[in-house]
**Student:** 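Structure in structure tokens, see below.
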Amino acid sequence: MSTSLIKVVIAGDGSVGKTSLIRRYTEGKFDISRTATIGVDFHTHTVDLPDGQIRLSIWDMAGQERFKIVRPGLYRGSQATALVYDVTAPASLEHLHSWREEILAAVPDQKFIVVGNKIDLERTQEPGPARRFAEAIKAPYLETSALTGEGVTDMFISLAQTAMRG
Ligand code: G3D
Ligand code: MG
């Protein structure tokens, strides 16, 4: 039986925790001393779904948050995007609109999930507006902590299922 390979993108402002979420999921750990990544960073990981396994190729913006010009090329061929914000940084939620617009310009039929990260910290952004945003764009809404691991497996399962959705 062959395993399909699905490309997914993790997008959102710098420092919302994208790299930490991917590390937590693919390596099962939270790296305190992280190295600044330049260029494209991607990880491949097998996900078990009720209907079988799929391989996710997970593309991290890896410092490209600042380089708008190169981003459209990174989105090409992807089937779903996680729009990640930080529940302690309300501006990062506001910016998800423009992340979504940019991705849709490159991949018009893109499907999304919305993720609020850093729930181990004291939140300054209530989940209501994020839930409404997710509902409006027909995206699942999840919350995570890359630090404790809470919600992280669910996030990637949801992303895989969203990518597989017809
Ligand atoms: P990015 O890839 O979106 O830019 P990073 O974000 O994964 O590099 O994380 C940015 C900072 O937030 C890092 O701290 C990281 O340790 C921290 N972080 C990421 N996820 C969480 C989380 O769920 N909870 C908490 N408490 N911190 C988190 P530094 O200090 O290295 O900048
Ligand atoms: Mg990063």
Side-chain angles (χ1 to χ4, degrees), residues 6-45 47 56-78 80-104 106-107 110-131 133-134 137 139-160 162-163:
I6 298 282
K7 175 177 171 177
V8 294
V9 172
I10 313 298
D13 286 1
S15 92
V16 297
K18 300 180 298 297
T19 301
S20 302
L21 286 165
I22 296 168
R23 287 221 177 115
R24 164 63 78 176
Y25 182 62
T26 60
E27 296 161 32
K29 68 180 184 205
F30 181 84
D31 222 334
I32 304 288
S33 63
R34 71 210 165 84
T35 46
T37 352
I38 299 159
V40 185
D41 198 4
F42 69 92
H43 303 258
T44 309
H45 199 79
V47 191
L56 279 191
S57 167
I58 306 166
W59 290 55
D60 186 357
M61 292 310 293
Q64 303 297 356
E65 300 99 335
R66 285 172 292 140
F67 303 108
K68 198 176 170 76
I69 190 123
V70 301
R71 294 199 300 255
L74 303 184
Y75 303 139
R76 205 161 300 139
S78 63
T81 296
L83 295 170
V84 183
Y85 78 100
D86 172 349
V87 301
T88 72
S92 68
L93 172 60
E94 287 170 32
H95 296 159
L96 292 188
H97 291 277
S98 49
W99 281 106
R100 177 169 175 270
E101 292 300 317
E102 179 181 290
I103 292 160
L104 285 175
V107 186
Q110 187 68 305
K111 291 163 280 200
F112 297 92
I113 69 170
V114 178
V115 179
N117 186 42
K118 306 198 189 182
I119 54 170
D120 59 286
L121 298 176
E122 195 173 335
R123 67 166 80 227
T124 56
Q125 172 64 59
E126 289 310 315
R131 283 187 190 286
F133 170 64
I137 66 168
Y141 178 70
L142 296 96
E143 292 193 334
T144 55
S145 167
L147 178 62
T148 67
E150 187 177 350
V152 175
T153 300
D154 288 345
M155 167 190 166
F156 284 93
I157 287 175
S158 174
L159 189 56
T162 298

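Atoms within each ligand, like the ligands themselves, are counted from 1 in listed order.
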**Student:** Please determine if the Mg ion (ligand 2) has an N/O/S atom from T19 lying under 2.8 Å away.
**Tutor:** yes
**Student:** Please state which option from G14, G12, A89, S15 has its nearest heavy atom closest to atom 10 (C) of ligand 1.
**Tutor:** S15
**Student:** Is the side chain of N117 donor-acceptor paired with the backbone N or O of A146 at a distance under 3.5 Å, no angle test?
**Tutor:** yes
**Student:** Closest heavy-atom contact between Q125 and Y85?
**Tutor:** CG-CE1, 3.8 Å
**Student:** Suppose I only count heavy atoms of D120 and a 4.0 Å limit; which atoms of ligand 1 are within that range?
**Tutor:** 22 (C), 23 (O), 24 (N), 25 (C), 26 (N)
**Student:** Using heavy atoms and a threshold below 4.0 Å, how should the contact between D60 and ligand 1 be classified: side chain, backbone, both, or neither?
**Tutor:** neither
**Student:** Using a heavy-atom cut-off of under 4.0 Å, does the side chain or the backbone of L121 touch ligand 1, or both, or neither?
**Tutor:** side chain
**Student:** Checking the side chain of S92 only, and the main-chain atoms of D13 only, is there a donor and an acceptor separated by less than 3.5 Å?
**Tutor:** no
**Student:** Using the rule given for side chain to side chain contact (heavy atoms under 4.5 Å, CB included), can you reason through V9 versus L74, listing the C-alpha separation, both sets of side-chain angles and the distance that settles it, and then say yes or no?
**Tutor:** CA-CA 8 Å; V9 172; L74 303 184; over 6 Å; no
**Student:** With no hydrogens and no angle check, is any side-chain donor or acceptor of T26 less than 3.5 Å from a backbone partner on I22?
**Tutor:** yes
**Student:** May I ask you to list the atoms of ligand 1 that are less than 4.0 angstrom from any heavy atom of S20?
**Tutor:** 5 (P), 7 (O), 9 (O), 15 (C), 19 (C), 20 (N)
**Student:** Show me which atoms of ligand 1 lie under 4.0 Å from any heavy atom of K18.
**Tutor:** 1 (P), 2 (O), 3 (O), 4 (O), 6 (O), 7 (O)
**Student:** Would the distance check show the side chain of K118 and the main-chain N or O of R123 forming a donor-acceptor pair, the cut-off being under 3.5 Å?
**Tutor:** no
**Student:** Test T19 against D60 for side chain to side chain donor-acceptor pair (under 3.5 Å), laying out the working first.
**Tutor:** CA-CA 7 Å; T19 301; D60 186 357; 2.6 Å; yes
**Student:** Using a 4.0 Å cut-off to any heavy atom of N117, which atoms of ligand 1 qualify?
**Tutor:** 20 (N), 21 (C), 23 (O)
**Student:** Do any nitrogen or oxygen atoms of I119 come within less than 3.5 Å of a nitrogen or oxygen of ligand 1?
**Tutor:** no
